[in-house]
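So the structure is just underneath, and the comments pick up after that.
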Amino acid sequence: MQKEDEMPKFYVTTPIYYVNQPPHLGTAYPTIAADVIARYHRLFGQDVFFLTGTDEHGAKVAQSAESVGKSPKQFCDEIADQFKKAWGALNISNDHFIRTTDSEHERAVKWALQRLYDGEYVYRHKYEGLYCVGCEQYIPKSSLVQGKCPLHRKEPELLTEECYFFKLSQFQDELLTRISKRELKIEPVQRENEVLSFLRGEKLQDLAISRSKSKVRWGIELPFDRSHTTYVWVDAFLNYLTGIGWLWDGEKFERYWPADVHLIGKDILRVHATIWPSLLLALGVELPRKIFVHGFFTVNGQKMSKSLGNVIDPVFLAGKYGVDALRYFILGAFPFGQDGDFSLQRLEHRYNADLANDLGNLASRLLAMVEKYRGGIIPTSGKEMEIDLNLRRLAERAFLEADKCFREFAFSEALARIWEFIRGINKYIDEVAPWSLAKKEEQRERLDMVLYTALEGLRIVALLIRPFMPSTSKELWNQLSIEEKLETQRFPRALEWGLLKPGIEVKRGKPLFPRIK
RNA sequence: GGCGGUGUAGCUCAGUGGUUAGAGCACACGGCUCAUACCCGUGGAGUCGCAGGUUCGAAUCCUGCCACCGCUACCA
């Protein structure tokens with residue numbers, strides 16, 4: 001067993017969310033996943049850094065701010081605050097919340113731009129694009145509808161202006177090598193294939209990274225040409241570096257970089273697999289180890305969108321069903337790397353079946369029996385019979401298998417393993433039938449043993465679910481009246497069988513998950 | 001058009017060559033009575049999208065077709 005200070009560090013990120021939209025289910029998804037990952041690694045005593053934040057520059061933000069009569073900064077402050085509050089409500093344990101308008105970030109971005117410029121990775125060139133006067137920005141061909149801007153129903157004009165370009169094209173071979181050698185891992189593997197086939201089949205074009213200030217005022221100035229602001233890429237991607245102190249806290253940066261995993265949505269895979277590593281190569285910074293691509297949600301079979309009015313508010317759901325129920329459902333009901341269809345009906349089904357019936361009722365029935373048969377006092381364990389041993393083995397297997405799934409980010413699988421164990425305890429109780437033992441005085445010791453065994457199983461459950469459901473974990477821990485602080489429990493040691501102390505009075509509480517009618 | 005993905009029980013999904021294809025939920029029946037009308041057991045149920053092919057043997061490999069979806073970059 002390694003000592004804590006010898007454990008490897010772990011750095012996990014979410015995308016930074018564009019402030020044009022308040023938090024919703026789509027942004028909560030990778031955030032909850034990252035939180036679970038962070039909590040899991042902390043359980044092993046690892047030094048974890050978990051970063052999330054907001055992306056705040058750009059013409060769209062400036063426009064949105066103006067439309068509600070606010071300054072861009074003020075507007076961003078408010079939305080960033082909404083994100084922070086939302087993540088607080090979802091029990092997100094991020095170590096830092098980065099905003100691209102943070103002064104440390106802006107300074108670092110300028111420094112990076114200058115360095116790219118000095119290193120001749122950036123040059124001035126003509127940019128030709130379709131400009132929509134209504135949007136006051138260039139719009140990509142892909143978003144045109146019959147050649148017109150979908151928002152303003154107007155054909156955009158073809159404009160040419162001088163911009164600064166990043167020499168993305170020169171990194172093509174290097175990217176191909178790094179990704180195919182898996183120095184930069186992209187998972188699930190289908191996503192890696194997508195990227196590789198793209199890199200093999202198409203030529204990377206150099207990338208425009210600035211706009212004239214007249215077009216995008218709300219942005220970071222180029223240090224070598226103050227009439228331009230940098231456009232999206234350099235600004236946004238560098239958050240992964242500046243969020244852990246790059247150029248302002250060298251010690252911290254050295255400690256945590258490279259990122260162990262960037263969680264991203266499939267919509268931003270391509271840019272993360274091309275622009276981002278190229279920028280790092282140009283800056284001479286090590287590449288992240290892994291990019292993991294999660295799926296998207298539809299809602300009742302439909303795409304989630306503002307115009308359909310089916311945007312799901314995770315904070316509302318957490319309020320209605322409980323944070324842990326939401327976290328359990330989001331990660332338990334959908335394979336993380338695939339798309340999934342969200343519905344309240346499914347949420348309520350899983351809630352009743354898994355949380356209320358399996359887990360909640362288990363705690364309830366078990367603690368009730370301890371109260372009824374042993375005055376609430378945790379009994380001593382006794383002679384172990386085969387059936388007891390089997391439950392113990394089931395616990396060991398549940399952890400080993402869940403751990404394996406976990407390290408592949410197969411959260412729904414990991415939870416399924418844990419739930420197999422929970423069902424195993426229910427089954428154990430049925431088979432040993434403590435209510436029958438209680439009727440016979442000569443079975444006194446056997447009843448002690450049986451209750452102890454089941455309680456010990458419940459203690460293990462409390463630990464196993466901890467990264468996914470921190471509040472429930474804590475509540476179970478309290479109901480079992482365990483003296484040691486939950487926060488000090490470390491995997492895998494705390495999972496050893498038999499650590500539950502006898503002689504202590506349990507505190508049965510209200511049902512953990514009241515059934516939904 | 002190109003590249004890629006998906007299509008397995010009513011639902012959500014496992015299952016990448018080998019005994020009668022699996023899980024959870026839902027449904028039916030039985031058991032129990034400690035518990036949140038809960039838990040435990042048993043069961044029905046599937047031409048594994050369609051058609052060919054390779055093989056002693058295919059949901060699993062190959063070809064074609066059908067349906068749905070994603071990407072085809074410089075809006076995140």
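Chain identifiers are assigned alphabetically (A, B, ...) following the order of the sequence lines, protein sequences preceding nucleic acid strands; residue numbering begins at 1 within each chain.
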Any base atoms under 4.0 Å from A:Y373, or only sugar-phosphate, or nothing? Heavy atoms, all strands. sugar-phosphate

Within the 4.0 Å heavy-atom criterion, would you say A:P514 contacts the bases, only the backbone, or no part of the nucleic acid? base

Counting any heavy atom closer than 4.0 Å, what does A:A368 reach on the DNA or RNA strands: base, sugar-phosphate only, or nothing? sugar-phosphate

Is there a side-chain contact between A:R508 and the phosphate of B:rC34, meaning an N or O under 4.0 Å from OP1 or OP2? no

Salt bridge (Lys or Arg N to Asp or Glu O under 4.0 Å) pairs, two or more places apart, involving residues 358-368 of chain A: A:D358-A:R423, A:R365-A:D430

Could you write out each protein N or O paired with an N or O of nucleotides 6-16 of chain B at a distance under 3.5 Å?
residue: B:rU12; atom: O2'; partner: A:R346; partner atom: NH2; Å: 2.8
residue: B:rA14; atom: OP1; partner: A:Q338; partner atom: OE1; Å: 3.4
residue: B:rA14; atom: OP1; partner: A:Q338; partner atom: NE2; Å: 2.6

Rounded interatomic separation in angstrom, taking CZ from A:F513 and P from B:rA37: 16 Å

May I ask you to verify if any side-chain N or O of A:R211 is less than 4.0 angstrom from the OP1 or OP2 atom of B:rC75? yes

At 4.0 Å (heavy atoms only), tell me whether A:K517 reaches a base, stays on the sugar-phosphate, or touches nothing. nothing

Have a look at A:S197 and say if it touches a base, only the backbone sugar-phosphate, or nothing, with a 4.0 Å heavy-atom cut-off. sugar-phosphate

Residue pair A:Y17/A:L366 against RNA chain B: nearer the 5' end by closest nucleotide is A:L366

If only side-chain N and O atoms of A:N193 are considered, is one of them under 4.0 Å from the OP1 or OP2 phosphate oxygen of B:rG4? no

With sugar-phosphate meaning primed atoms plus P, OP1 and OP2, does A:D267 contact a base, only sugar-phosphate, or nothing at under 4.0 Å between heavy atoms? nothing

Would you classify A:G201 as touching base, sugar-phosphate or nothing, given that sugar-phosphate means primed atoms plus P, OP1 and OP2, and contacts are heavy atoms under 4.0 Å? nothing

What's A:V271 touching, base or sugar-phosphate or nothing? Going by heavy atoms closer than 4.0 Å. nothing

Given atom CG of A:L263 and atom P of B:rA76, what is their separation to the nearest angstrom? 20 Å

Do any pairs count as a salt bridge (Lys or Arg N to Asp or Glu O under 4.0 Å) and have a residue in residues 262-281 of chain A, sequence neighbours left out, and if so which ones? A:K266-A:D339

At 4.0 Å (heavy atoms only), tell me whether A:W419 reaches a base, stays on the sugar-phosphate, or touches nothing. nothing

Hey, which of these two, A:I429 or A:L204, hits RNA chain B nearer its 5' end, going by closest nucleotide? A:I429

Any side-chain N or O of A:K266 less than 4.0 Å from the OP1 or OP2 oxygen of B:rC71? no

